[in-house]
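See structure below.
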Number of protein chains: 2
Amino acid sequence: LKNSQIVDNEIKELMISHEKVAHVQLNNPLDHALLVLIKSGYTAIPVLDTEYKVQGQISKAQILDSILGIERIEMERLHDYKVCDVMTTKVPKMNKNETFGKALMLSINHPFVCIEDDEQSFIGIMTRRSILALIHRYLGK
Amino acid sequence: LKNSQIVDNEIKELMISHEKVAHVQLNNPLDHALLVLIKSGYTAIPVLDTEYKVQGQISKAQILDSILGIERIEMERLHDYKVCDVMTTKVPKMNKNETFGKALMLSINHPFVCIEDDEQSFIGIMTRRSILALIHRYLGK
Ligand SMILES: Nc1ncnc2c1ncn2[C@@H]1O[C@@H]2COP(=O)(O)O[C@H]3[C@@H](O)[C@H](n4cnc5c(N)ncnc54)O[C@@H]3COP(=O)(O)O[C@H]2[C@H]1O
Ligand SMILES: Nc1ncnc2c1ncn2[C@@H]1O[C@@H]2COP(=O)(O)O[C@H]3[C@@H](O)[C@H](n4cnc5c(N)ncnc54)O[C@@H]3COP(=O)(O)O[C@H]2[C@H]1O
């Protein structure tokens, strides 16, 4: 099985389109971000700016670590911080026309990869689940 | 590329051996479990019983959801509950002699798979990362 046999337009088919991706904005307060994360049920989600470009990702762990006091989690401090204060800027991104092989390589160390169009606008995410499901389908042949 | 070409003894080489897997016990109080999860940095970890058999898995989200009050997270209630009260019993398990194809299939819907020996004792976990890294190596040939 060679990379070229995995049809590359599958990326757009495999991708979770941006309307279905839970995300937050750079300047959202952390209480809003934690609520989005808890309600969505996801560990980490993309952070976008006002031009819908990917700026990073934020996880529940990052939010809770930022308000972990000695005796307890100081929830009331959540409103004092913003997403941009605790997020990680290192989030894998690729263009929608790149290869499946690149998505596979990026997914080794990241649970999801952000997909951008030619203007770097966010159009969706590729998850490890969708990559593994595609490989399982191909290996089965 | 056929399943059989991926040498099956790779599972034991790819596996994270049990001494390196963060885990908790069925009867541990939730404050201990949350501490292990925060310190390990992992989203979810296996739950073992006193005979070192896999009984489930527990995540930070499950612990926090169990003590989420109206106004705040009620940390002081953590000591009142045990791991077995909030964990999920549905955790993918397989025997160490099964095929890579089975590990791949289970990893589609689960970030890790528990590996057992012939007495069902826990010997390690296979992670999506190690499966994707192996596939990337094979596809590159
Ligand atoms: N509501 C649900 N229903 C069924 N299964 C669920 C689920 N939530 C999580 N899972 C399962 O758990 C895996 C890890 O999810 P996690 O939230 O840690 O990590 C996720 C999350 O951080 C992110 N993600 C996935 N879908 C997302 C979405 N619609 N919006 C925002 N982030 C998403 O991508 C990571 C990898 O996702 P992936 O699907 O490969 O892998 C998922 C999936 O197999
Ligand atoms: N300390 C660290 N250093 C570098 N990268 C890190 C890391 N912690 C997490 N990651 C990265 O984030 C992915 C998701 O981790 P998560 O904790 O949500 O989900 C993890 C965690 O729930 C569990 N896991 C992995 N290693 C573990 C261990 N040694 N003990 C207990 N559970 C483990 O298996 C899931 C999938 O792990 P996987 O390696 O495929 O995928 C990991 C890995 O690519």
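Worth saying up front: this structure is predicted, and the values here are computed from it rather than measured.
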Contact winner vs chain A - B/R128, B/M105, B/K60, heavy-atom pairs under 4.5 Å: B/R128
Donor-acceptor pair, distance only, cut-off 3.5 Å: does the side chain of B/S121 make one with the backbone of B/D117? no
Taking A/Q25's backbone N and O only, do any of them form a donor-acceptor pair with A/N28's side chain (distance below 3.5 Å, no angle check)? yes
Non-hydrogen atoms of chain B under 4.5 Å away: do they reach the side chain of A/L37, the backbone, both or neither? neither
Between A/S107 and chain B, with a heavy-atom cut-off of 4.5 Å, which part of the residue counts as in contact: side chain, backbone, both or neither? both
Among A/L34, A/V24, A/D85, which one satisfies side-chain contact (heavy atoms from CB on, under 4.5 Å) with A/I58? A/V24
Quick check on B/K93: does its NZ atom have over 12 non-hydrogen neighbours (other residues, nucleotides or ligands) under 6.0 Å away? yes
